[in-house]
Amino acid sequence: ANVASGPGTALDSIYASAISKAEANGWTMMGYVDTAEATGSISSVESQVKEWRSLYGVDDIFFDDVTGATANLSYYETLTGYVHSLGGIDILNPGAPPASGYLSTSVDNGIVVMEGTLASFQSGPPPNYPSGTVQIGYIITSGPSQSNLLSTLQAIKARGGELVYVTDQGSSYSALPGYFAAENADL
């Protein structure tokens with residue numbers, strides 16, 4: 001969930017209702033928090049985590065704008081340790097292959113190793129990640145048509161992908177995939 005590039009400062013009843021319905025149907029909801037490439041203060045980022053919990057009861061966090069650099073590993077260890085101390089899980093999104101230290105559950109539960117177009121995945125995918133303790137994620141935009149969706153998901157799985165967001169939309173996250181209704185009906 002992403003109310004206002006984070007949790008916002010006041011409860012949004014529309015988001016609260018949607019989160020409640022999703023969780024009632026077994027979905028894990030994650031709150032969006034932008035880390036500003038490790039330039040946001042720890043206390044400011046932790047404050048957003050607290051707001052997700054306080055306003056919406058969401059303990060699981062999707063950290064965006066992650067650097068993935070070894071130099072920032074302790075920054076992210078602190079943030080993910082905080083989420084874990086609250087009983088939550090986390091996903092880090094550097095959008096590119098991170099330094100190897102990020103592939104540890106002491107740092108994170110999941111990590112997005114690619115955020116890009118289907119064409120870039122096909123022409124130069126990230127390394128193949130073996131099964132491990134950290135789930136590997138991919139975000140693919142300008143993706144396949146509905147008829148090619150399954151083969152794209154199979155290719156991502158073959159590269160170790162377990163967390164996947166694929167859309168036929170461009171780089172904007174303001175619209176659901178054109179085939180969302182069909183996907184939802186298949187669940």
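- Listed by first and then second residue, the side-chain hydrogen bond (donor to acceptor under 3.5 Å, both in side chains) pairs that reach into residues 153-167 come to none, sequence neighbours excluded.
- Counting heavy atoms from C-beta on, the side chains of Asp108 and Ile91 never come closer than 4.5 Å.
- Between Pro144 and Leu149, the closest side-chain pair of non-hydrogen atoms falls below 4.5 Å.
- If you take CG on Leu153 and CD1 on Ile140, they are separated by 9.5 Å, rounding to the nearest 0.5 Å.
- Smallest separation of non-hydrogen atoms from Pro126 and Phe121: CD-CD1, 4.4 Å.
- The distance from atom CD of Gln169 to atom OG1 of Thr141, rounded to the nearest 0.5 Å, is 10.0 Å.
- Residues Pro94 and Ile111 are in side-chain contact: their nearest non-hydrogen atoms beyond the backbone lie under 4.5 Å apart.
- Sorted by first then second residue, the side-chain hydrogen bond (donor to acceptor under 3.5 Å, both in side chains) pairs that include residues 40-50, not counting sequence neighbours, are Ser41-Ser43.
- Of the inter-residue distances, the one linking Lys21 atom NZ with Met29 atom CE reads 12.5 Å to the nearest 0.5 angstrom.
- Residue pairs satisfying the ring pair (Phe, Tyr, Trp, His ring centres under 6.0 Å) criterion with at least one member in residues 85-111, sequence neighbours excluded, are absent.
- The two residues Ser151 and Asn148 have their closest heavy-atom pair at OG-O, 3.0 Å.
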| task | Dump the intermediate steps for side chain to side chain contact (heavy atoms under 4.5 Å, CB included) on Ile136 and Leu103, then the final yes or no. | result | CA-CA 9 Å; Ile136 302 299; Leu103 300 174; 4.0 Å; yes
Pairs under 3.5 angstrom only: tabulate donor-acceptor contacts from the side chains of residues 7-14 to other protein residues two or more places apart or in another chain.
residue : atom : partner : partner atom : Å
Asp12   : OD1  : Ile14   : N            : 2.9
Asp12   : OD1  : Tyr15   : N            : 3.2

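- Summarising the geometry of Ala99 relative to Thr70, their closest heavy-atom pair is CB-OG1, 3.2 Å, with the distance given to 0.1 Å.
- Of all the heavy atoms in Pro97 and Tyr129, the pair that sits closest is CB-OH, 3.4 Å.
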| query | Can you list the steps and then say if Tyr82 with Asp90 is a side chain to side chain contact (heavy atoms under 4.5 Å, CB included)? | reply | CA-CA 10 Å; Tyr82 180 69; Asp90 60 87; over 6 Å; no
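- Side chain of Tyr76 to main chain of Gly68: no donor-acceptor pair is present (N/O by atom type, distance under 3.5 Å, no hydrogens or angles).
- In this structure, Thr78 contributes its side chain and Ser74 its backbone to a donor-acceptor pair below 3.5 Å.
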For a quick test of your reading: what N or O donor-acceptor pairs under 3.5 Å do the side chains of residues 59-67 make, sequence neighbours left out?
residue : atom : partner : partner atom : Å
Asp59   : OD1  : Arg53   : NE           : 2.7
Asp60   : OD1  : Ile89   : N            : 2.8
Asp64   : OD1  : Asn93   : ND2          : 2.9
Asp64   : OD2  : Tyr32   : OH           : 2.8
Thr67   : OG1  : Ala69   : N            : 3.2
Thr67   : OG1  : Asn72   : OD1          : 2.8

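- Scanning for side-chain contact (heavy atoms from CB on, under 4.5 Å) contacts around Ala4 gives an empty result, with sequence neighbours left out.
- Minimum interatomic distance between Met30 and Val58 (heavy atoms only, all atoms of both residues): C-CG1, 4.0 Å.
- Tested against Tyr138, the residues Thr152, Val113, Leu163 include a single side chain to side chain contact (heavy atoms under 4.5 Å, CB included) partner, Val113.
- Here the closest non-hydrogen pair linking Asn2 and Gly6 is OD1-N, 2.9 Å.
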| message | The test is side chain to side chain contact (heavy atoms under 4.5 Å, CB included); show your working for Val3 and Leu55 and say whether it passes. | response | CA-CA 11 Å; Val3 178; Leu55 294 173; over 6 Å; no
